Amino acid sequence: MRVDEIRKICVLGCGSMGSQIALNAAIHGFAVKNMDIKEEMVARARAFAAEYLPGRVAKGRLTEAEAQGAARNLSFTTDLAEAAGDADFVIEAVLERLDLKRQVFRNLDRVAPPHAVLATNSSFIVSSRIAGVTGRPDKVVNMHFFNPALVMELVEVVQGPHTSDETAALTMDLARKMGKTPVLLRKEVYGFLVNRILAALVKEALWLAEMEVASVEDIDTAVTKALGHPMGPFRLMDLTGIDLHYDIAMERYRETGRAEDKPSPLVVEKITRGEFGRKTGKGWYSYAE
Ligand code: CAA
């Protein structure tokens, strides 16, 4: 399949990543079905698109016609067969749990057309841990977007040993057609490029906070003002979700059993309190309405 033969994209998961990937694809001219098993997640994604598109017009970033076209391109469902039944390319963005992803790919393989590529947006689960549950491992690949997916330009494409060169090249081309800058990883490696680098930064930041060397605010200020990052590691965790950070750390810890991979006690405290970041109104910072 060539990239100009991709017309229909299915995005699984209406969370912050899934909904923005879907909307981004719709803005770039693809017919997109965004699916979630939870009605309330679908409603939230629908409401986000309904608010975002007019906002882009008001800001002069999209024309009225472009926004209307994007809205027409985007539809929502809670039914997997309806979402993926006619898709040329599927991007899975469900929760970061390996057993869940394997179940989703098993079901997807049954309902998606044989030519469809099945990509996972996982931040750290390499597709070779998923491809085996499908009858098309050559068409299974990592396609990793960054948060907020409508804004961040990078997409990591990770070619597993099972992924064909054609699938990797097609995924790179699709990312470009979605307005992104893709990079290709020719080997599967834990954390890919960006999260390996980011994890080192976050680990140091958490250690400094845990040791009460400086406040969360001052550590963020140090990173923004000295290193030029748009936001510090704590504010970034609030954006991407402290729960996601915890899930990733726990999955890694289960795998390695190494004490240094355990989530920081400060993070565990946040999880216990249900303070996951922006989405709960409180994380390292407060986000009162
Ligand atoms: N959703 C959609 N668009 C958003 C947004 C959001 N949540 N937040 C900001 N934007 C858009 C704004 O609409 C604005 O767009 P225009 O300029 O085109 O009008 C633009 O982003 C800039 O926004 P603001 O001026 O309001 O704010 P800012 O300049 O502070 O930028 C930011 C906000 C883009 C989030 C910026 O702070 C940033 O780049 N932060 C770092 C984000 C980052 O590092 N992401 C990677 C996370 S790691 C990850 O994702 C890995 C993983 O596996 C989970």
Side-chain angles (χ1 to χ4, degrees), residues 13-28 44-45 47-63 66-67 70 74 91-97 101 119-127 142-158 175 178-183 185 188-203 205 220-221 223-225 227-252 267 276-281 283-285 287:
C14 288
S16 51
M17 291 304 288
S19 59
Q20 291 212 6
I21 294 168
L23 189 47
N24 186 71
I27 289 169
H28 286 84
R44 200 191 288 184
F48 175 72
E51 193 187 320
Y52 180 82
L53 289 171
R56 300 310 279 165
V57 176
K59 240 181 166 180
R61 301 284 199 249
L62 288 178
T63 65
E66 285 166 340
L74 185 60
I91 304 170
E92 167 275 314
V94 305
L95 293 175
E96 289 282 34
R97 312 240 159 87
K101 300 223 186 241
T120 173
N121 174 56
S122 178
S123 306
F124 68 101
I125 299 172
V126 290
S127 75
N142 285 87
M143 184 182 198
H144 182 215
F145 293 78
F146 294 85
N147 195 337
L150 280 157
V151 181
M152 305 313 285
E153 284 178 31
L154 195 79
V155 168
E156 291 173 321
V157 176
V158 188
M178 287 172 73
K180 302 296 183 192
T181 303
V183 289
L185 280 76
E188 290 188 335
V189 61
Y190 182 83
F192 314 145
L193 302 182
V194 173
N195 278 339
R196 284 189 85 86
I197 296 167
L198 186 59
L201 182 84
V202 169
K203 193 173 175 180
D220 274 356
T221 300
V223 171
T224 53
K225 299 295 178 194
L227 301 177
H229 292 202
M231 49 172 64
F234 291 99
R235 211 171 266 290
L236 183 56
M237 255 186 280
D238 274 358
L239 174 72
T240 54
I242 299 173
D243 53 334
L244 175 67
H245 171 89
Y246 175 83
D247 282 350
I248 293 175
M250 277 309 291
E251 192 89 32
R252 182 69 173 159
V267 169
F276 298 166
R278 281 195 198 182
K279 62 178 139 185
T280 59
W284 303 107
Y285 296 87
Y287 303 87

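First listed ligand is number 1; within each ligand, the first listed atom is number 1. A quick note: this is a predicted structure, and the numbers were derived from the prediction, not measured.
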A.B. asks: If you compare all heavy atoms of Pro182 against all heavy atoms of Val157, which two are closest, and at what distance to 0.1 Å?
C.D. replies: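 So the minimum-distance heavy-atom pair works out to CB-CG2, 4.4 Å.
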A.B. asks: I want to confirm something. Looking only at heavy atoms, which of Arg278, Glu156, Arg235, Arg61 is nearest to atom 17 (O) of ligand 1?
C.D. replies: Arg61
A.B. asks: Taking heavy atoms and a distance under 4.0 Å, where does Asn147 meet ligand 1: side chain, backbone, both or neither?
C.D. replies: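 Asn147 to ligand 1: contacts from backbone and side chain alike.
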A.B. asks: Which of the numbered atoms in ligand 1 are under 4.0 angstrom from any heavy atom belonging to Leu198?
C.D. replies: 48 (S)
A.B. asks: Around atom 32 (C) of ligand 1, find the nearest protein heavy atom and jot down its residue, atom name and distance.
C.D. replies: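 Of every protein heavy atom, Met231 CE, 4.6 Å lies nearest to atom 32 (C) of ligand 1.
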A.B. asks: May I ask which of Pro148, Gly191, Ala199 has a heavy atom nearer to atom 6 (C) of ligand 1 than the others do?
C.D. replies: Pro148
A.B. asks: Quick check against the 3.5 Å criterion: does Asn142 have a side-chain atom that pairs as donor or acceptor with the backbone of Ile125?
C.D. replies: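 Between the backbone of Ile125 and the side chain of Asn142 there is a qualifying donor-acceptor contact (under 3.5 Å).
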A.B. asks: Give a yes or no answer on whether the side chain of Gln20 reaches the backbone of Asn147 with a donor-acceptor pair at less than 3.5 Å.
C.D. replies: no
A.B. asks: Output the distance between atom CG (Asp238) and atom CE (Met231), rounded to the nearest 0.5 Å.
C.D. replies: 9.0 Å
A.B. asks: Would you mind checking which non-hydrogen protein atom is closest to atom 1 (N) of ligand 1, with the distance to 0.1 Å?
C.D. replies: Gln20 NE2, 2.9 Å
A.B. asks: For atom 27 (O) of ligand 1, state whether the nearest protein heavy atom is under 4.0 Å away.
C.D. replies: no
A.B. asks: Considering both backbone and side-chain atoms of Arg56, is one of its nitrogen or oxygen atoms within less than 3.5 Å of a nitrogen or oxygen in ligand 1?
C.D. replies: yes
A.B. asks: Using protein heavy atoms only, decide if any is under 4.0 Å from atom 15 (O) of ligand 1.
C.D. replies: yes
A.B. asks: Do the side chains of Ile27 and Arg56 get nearer than 4.5 Å, heavy atoms only?
C.D. replies: no
A.B. asks: Please report the interatomic distance CD1(Ile242) to CZ(Arg278), rounded to the nearest 0.5 Å.
C.D. replies: 12.0 Å
A.B. asks: Within a distance of under 4.0 Å, is there any protein heavy atom near atom 46 (C) of ligand 1?
C.D. replies: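 True for atom 46 (C) of ligand 1.
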A.B. asks: Nearest heavy-atom pair of Ile21 and Ala149: which atoms, and what distance?
C.D. replies: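 Nearest heavy atoms, Ile21 then Ala149: CG1-CB, 3.9 Å.
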A.B. asks: Considering heavy atoms of the protein only, find what lies nearest to atom 12 (C) of ligand 1 and give residue, atom and distance to 0.1 Å.
C.D. replies: Lys59 NZ, 4.2 Å
A.B. asks: Compare every heavy atom of Glu51 with every heavy atom of Pro54, then report the nearest pair and how far apart it is.
C.D. replies: CD-O, 3.5 Å
A.B. asks: Please say whether the positively charged group of Arg252, taken as NZ for Lys or CZ for Arg, lies over the ring of Phe124, i.e. under 6.0 angstrom from the six-membered ring centre and within 45 degrees of the axis.
C.D. replies: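 The answer is no; the distance or angle limit is not met.
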A.B. asks: Protein non-hydrogen atoms only, distance under 4.0 Å: does atom 24 (P) of ligand 1 have such a neighbour?
C.D. replies: no
A.B. asks: Considering both backbone and side-chain atoms of His144, is one of its nitrogen or oxygen atoms within less than 3.5 Å of a nitrogen or oxygen in ligand 1?
C.D. replies: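 Yes, since at least one N or O of His144 sits under 3.5 Å from an N or O of ligand 1.
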A.B. asks: Heavy atoms only: give me the nearest Trp284-Val267 pair and the separation to one decimal.
C.D. replies: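 That would be CZ2-CG2, 4.1 Å.
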A.B. asks: Do the side chain of Glu92 and the main chain of Val94 share a donor and acceptor less than 3.5 angstrom apart?
C.D. replies: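 A pair under 3.5 Å: yes.
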A.B. asks: What do we get for His229 next to ligand 1 when only non-hydrogen atoms under 4.0 Å count, side chain, backbone, both or neither?
C.D. replies: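 For His229, there is no contact with ligand 1 at all, from either part.
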A.B. asks: Give a yes/no verdict on whether any heavy atom in Met17 is under 4.0 Å from an atom of ligand 1.
C.D. replies: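 Flag not set, Met17 not near ligand 1.
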A.B. asks: Tell me which part of Val194 gets within contact of ligand 1: side chain, backbone, both or neither, using heavy atoms under 4.0 Å.
C.D. replies: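 For Val194, there is no contact with ligand 1 at all, from either part.
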A.B. asks: Starting from atom 43 (C) of ligand 1, what is the nearest protein heavy atom, named by residue and atom, and what distance separates them?
C.D. replies: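 The protein heavy atom lying closest is Leu236 CD1, 3.4 Å.
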A.B. asks: How are the rings of His144 and Phe146 set relative to one another: parallel (under 30°), tilted (30 to 60°) or perpendicular (over 60°)?
C.D. replies: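 Judged by the thresholds at 30° and 60°, the geometry between His144 and Phe146 is tilted.
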A.B. asks: Only heavy atoms count here, so choose which of Ser16, Ser123, Pro230 is nearest to atom 53 (O) of ligand 1.
C.D. replies: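 When every heavy atom of Ser16, Ser123, Pro230 is considered, Ser123 comes closest to atom 53 (O) of ligand 1.
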A.B. asks: Can you pull out the closest protein heavy atom to atom 4 (C) of ligand 1? Residue, atom name and distance to 0.1 Å, please.
C.D. replies: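 Closest protein heavy atom to atom 4 (C) of ligand 1: Val151 CG2, 3.4 Å.
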A.B. asks: For atom 49 (C) of ligand 1, what is the closest protein heavy atom, and at what distance to 0.1 Å?
C.D. replies: Phe146 CD2, 3.5 Å
